Amino acid sequence: MKKLLLSFIVLMSFSLQLRADEGMWIPMLLQSNEKDMQEMGMNITVDDIYSINHSSMKDAVVLFGGGCTGEIVSDQGLLLTNHHCGFDWIQHHSTVEHDYLTDGFWAMSFEEELPCPGLTAVMLKSMEDVTERVLEGVTKETSNEERTKIVNENIKKIKEEAEANTDYQVVIKPFYHGNQYFMIYNEVFKDVRMVGTPPSNIGKFGGDTDNWVWPRHTGDFSIFRIYVSPEGKAVEYSEDNVPYKPNYHFPISLKGAEKDDFTFVFGYPARTNEYLPAVAVNQEANVIYPVSVDLRGKILNIYNKHQEKDPKVRIQYASKHAHLGNGWKKWMGVVEGINNFKGIQKKKNFDEKFTEWAYKSRQRGAYLNLISDFEKLYAEYEPYRLATTYLSETALNIEILTFAAEFNKLAKVTKETSQEEIDQMIAAAKEATKVFFKDYYQPIDEEVAVAMLSEYIANQPADFRPELLNTIVNKYNDVQAYVDELFAKTMFTSEEDVNKFLDEFKASKAKKLAKDPALMAYNDVMDFYLNNIRTKTTDLNNQISDLQRVFMRGQMEYHAERNPEKMMYPDANFTLRVTYGKIGGFSPRDAVTYKHFTTLDGIMQKENPDIYDYVVTDRLRELYENKDYGRYADKDGSMHVAFIAGNHTTGGNSGSPILNADGHLLGLNFDRTWEGTMSDLIYDPSICKNISVDIRYVLFIVDKYAGATRLVDEMTIVE
Ligand code: ARG
Ligand code: GLU
């Protein structure tokens, strides 16, 4: 009976059909979602969101700094994004006298806005389907290898032709794992200036402790502005440049939003993998992530121990901690989510259904053996992927090794190398040395080295060990002894020694440099990786992507038969997308329910002057105590800080506008709840939620807290 019931449940839940809130849609193809969006409450048309015939919302969304999203909120090119997206620039402009990270920064006039050389904002102008042209010459008989060659040549040709006729940047990208290709025209703005940022204890409130976690109280925003030439051209920084006049900017709603209200997010999601076979998801979630989580957990423990002891070390390792900790925490969420959600079983059920379906028609011959072919390839892939993960999470987290690697060019200098080249290398090495020692604490690195090398030796088979590790095993028989000797003998632990060496450098010293034990260790590991691992993984990767392309095509056919009116969405690939869902809390586990918004009360509850992540400034406390929220208070009288909704977002969506049914700005997306981080592999609307900072909290900080009212005055406010 139990068995019968089980197979019934399995049958009922086999289909990985698109669920209400799932999907990151191509704005140009949003027609097929319009009805759905309007039924969910949207008051506008998809033509208001994306049009190339008239101004539309797409004219106000940019790829910010190559990795985040930003949105334009005034007719003078004012741009909002997350604090963690502007972070590098805030740090760049900070000095001991002007510590904008700690104190915040507010330009009180255009003149005070700070140039950020190298920072770009990329705006999509138009896109077109070029699949036919890209696949020209590819037939059923074309081999995979040949196909890749033809596709690359065609892309190059199409791109060159397009570039000859435009000033815009031209990008051609594969969608649906290479079943469709789009050409995208972008305007690349190169003069983007820093306008405002809250202090870190607002913009990063909760720090790494609260990262990925709901309830959340982070004022994760910063403000920039796009400048163009007086003629309106996107040019490099110049004093003569003027604020950009956009075709569209987002009106800002001060009305807030209720549970179940319709929202959509418009931005640049980086990468998802929703269409993998069970074997791939299993490898990711149950083999690879647990290793990364375990290794990073050990490193973070070492960091924590030293960071707690010494405030200087806490600052030195803050950014390293944030970087390692972000993935560590996310992957834990993915593993837990997939297992709780029985994700692997669901994928398996689908794989089986798919194969059964393939057997039903002669036309589906290409799909018959896909799943078993995947299984063979992934099995072959697994040890190599594991080794790659082990190498990158262990050796590459030993700082002395990656620092030494910066000297590789100098170590290869010969009598033939020109003095000019040598001088350039020395200058680069000097800069790297300065940057490295500013944030280096040797006791941490030694401990990490012992822990990570031991892990590698204990967990990887001997034939997957670089020579160095075999030497450790055979000669030292003790990782600690090797590490002690490494740190005693290398010059890379002393800033003074390194600088002295650089000052006296000449070609004849290259050999000595190449013999430094840290540099040798790095090169030994790298050579092993390149020769013994990477060739194999590249080859397997190519074979897997070829299969995945066919599997994707099959899934699209399978889906179209069942759901002809709604397309499947392509995996995220750093192109502009729209996703939509409703505001609302969720229940992450038994007896726990999350409300959909947080307030300033929560900040005061978390406040702790002794814990760096939870410091609250007197100014914020004063505003709180006087309930001095002005027009930014919710109608319930409190100051709303953050909220969650069912939008399908991922990395890259940071800073994305979250909009209401009228297309007015409600907030900025900045994170997901970690119970739902599995959404990059499998989406479940009951737990996959995106976290946004409430725009009213943003404006409250700009206006009431910082007095930068001139910025709010530029915006279009809907009360
Ligand atoms: N989890 C967010 C993302 O994936 C925010 C990361 C930055 N914040 C932090 N506390 N480390 O990018
Ligand atoms: N914080 C992420 C980012 O920087 C967004 C969160 C997510 O992965 O959804 O893009």
Side-chain angles (χ1 to χ4, degrees), residues 21-22 24 61-71 80-91 101 197-198 200-214 216-222 265-274 296 300 303-304 307 314 317-334 337 571-577 579 581 606 611-614 642-658 667-681 683 687-693:
D21 295 348
E22 176 169 5
M24 312 171 155
V61 182
V62 297
L63 174 65
F64 179 88
C68 279
T69 306
E71 58 275 9
L80 293 180
T81 188
N82 288 150
H83 182 267
H84 79 260
C85 296
F87 193 84
D88 287 350
W89 293 102
I90 304 168
Q91 183 165 45
L101 277 177
T197 169
S200 289
N201 53 34
I202 290 173
K204 211 177 180 289
F205 184 81
D208 289 335
T209 319
D210 284 7
N211 188 24
W212 294 114
V213 168
W214 184 257
R216 192 67 159 276
H217 299 87
T218 313
D220 199 344
F221 77 95
S222 58
V265 172
F266 206 172
Y268 278 90
R271 209 169 90 96
T272 58
N273 269 307
E274 313 284 355
R296 287 190 181 198
L300 290 168
Y303 285 7
N304 286 339
Q307 283 182 294
R314 183 180 54 66
Y317 279 72
S319 169
K320 295 172 191 173
H321 193 291
H323 178 74
L324 281 185
N326 198 39
W328 170 74
K329 206 161 181 180
K330 175 183 161 174
W331 296 326
M332 263 194 293
V334 176
D571 268 323
N573 60 352
F574 250 130
T575 57
L576 189 59
R577 301 292 178 91
T579 171
K606 282 180 178 171
I611 300 180
Y612 183 78
D613 288 342
Y614 296 120
F643 62 97
I644 48 177
N647 289 291
H648 189 178
T649 53
T650 188
N653 269 124
S654 276
S656 298
I658 176 161
L668 273 58
N669 180 76
F670 71 95
D671 211 357
R672 271 174 291 165
T673 57
W674 81 272
E675 292 90 349
T677 49
M678 65 170 197
S679 67
D680 292 347
L681 294 166
Y683 187 88
I687 52 167
C688 296
K689 306 284 168 184
N690 68 311
I691 307 180
S692 307
V693 54

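Just so you know, ligand 1 is whichever comes first in the structure, and atom 1 is the first atom listed for that ligand. Values below: all heavy atoms of this structure, side chains included; hydrogens, waters and symmetry mates excluded. Every value quoted in this text rests on a predicted model; they were computed, and no experiment measured them.
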Would you check if there is a donor-acceptor pair between the side chains of S656 and N653 at a distance under 3.5 Å?
yes
**Asked** Is it true that K330 lies under 4.0 Å from ligand 2, counting heavy atoms only?
**Response** no
Atom 2 (C) of ligand 1 has as its nearest protein heavy atom D671 OD1, 3.3 Å
Looking only at protein heavy atoms, what sits closest to atom 3 (C) of ligand 1 is N326 ND2, 3.7 Å
Between the CE atom in M24 and the NE2 atom in H648, the distance rounded to the nearest 0.5 Å is 4.0 Å
If you measure only the distance, is there a donor-acceptor pair under 3.5 Å linking the side chains of R577 and T579?
-> no
Test of proximity, G651 against ligand 2: N or O pairs below 3.5 Å:
yes
| ligand 1 to S654 polar contact by distance, N or O atoms, under 3.5 Å | no
Atom 7 (C) of ligand 1 sits nearest the protein heavy atom H84 CG, 3.7 Å
Any idea how Y317 and Y303 line up, ring-wise: parallel (<30°), tilted (30 to 60°), or perpendicular (>60°)?
perpendicular
Margin query: So for G651, does at least one of its heavy atoms come nearer than 4.0 angstrom to any atom of ligand 1?
Written below: no
Logged contact type for T677 with ligand 2, heavy-atom cut-off 4.0 Å, is neither
**Prompt:** Going by atom types only, do Y614 and D210 share a side-chain donor-acceptor pair under 3.5 Å?
**Reply:** yes
Quick look: W212 vs ligand 2, heavy-atom contacts under 4.0 Å, and the answer is side chain
Query - Under 3.5 Å: N/O of F670 near N/O of ligand 2 - result: yes
The closest protein heavy-atom partner of atom 10 (N) of ligand 1 is D208 OD1, 3.1 Å
- Message: Please confirm whether G652 approaches ligand 2 to less than 4.0 Å, judged on its heavy atoms.
- Response: yes
Considering distance alone, does some N or O of F670 sit under 3.5 Å from an N or O of ligand 1?
no
Inset, instruction - For the residue pair F221 and T81, establish whether any side-chain heavy-atom pair is separated by less than 4.5 Å. - result: no
Do side-chain atoms of N82 reach the backbone of G655 as a donor and acceptor pair under 3.5 angstrom?
yes
So for ligand 2, is R672 a polar contact partner (N or O within less than 3.5 Å, distance only)?
yes
Return yes if some donor-acceptor pair links the side-chain N/O of S679 with the main-chain N/O of C688 below 3.5 Å, else return no.
-> no
of all protein heavy atoms, closest to atom 3 (C) of ligand 2 is S654 OG, 2.3 Å
Could you check whether H84 and D671, counting side-chain N and O atoms only, form a donor-acceptor pair closer than 3.5 Å? no
Quick one: is the NZ or CZ of R271 closer than 6.0 Å to the six-membered ring centre of F574, and within 45° of its axis?
no
the protein heavy atom lying closest to atom 5 (C) of ligand 1 turns out to be N211 OD1, 3.4 Å
The reported gap from CH2 in W212 to CD in E675 (rounded to nearest 0.5 angstrom) is 12.0 Å
Ligand 2 atoms nearer than 4.0 angstrom to some heavy atom of N653 are 10 (O)
- Is it true that the side chains of T649 and N647 contain a donor and an acceptor less than 3.5 Å apart? no
One finds that the ligand 2 atoms under 4.0 Å from a non-hydrogen atom of D671 are 6 (C)
Within 4.0 Å of some non-hydrogen atom of H84, the atoms of ligand 2 are 1 (N), 3 (C), 4 (O)
Counting from 1 in the order shown, the ligand 1 atoms closer than 4.0 Å to a non-hydrogen atom of G207 are 10 (N)
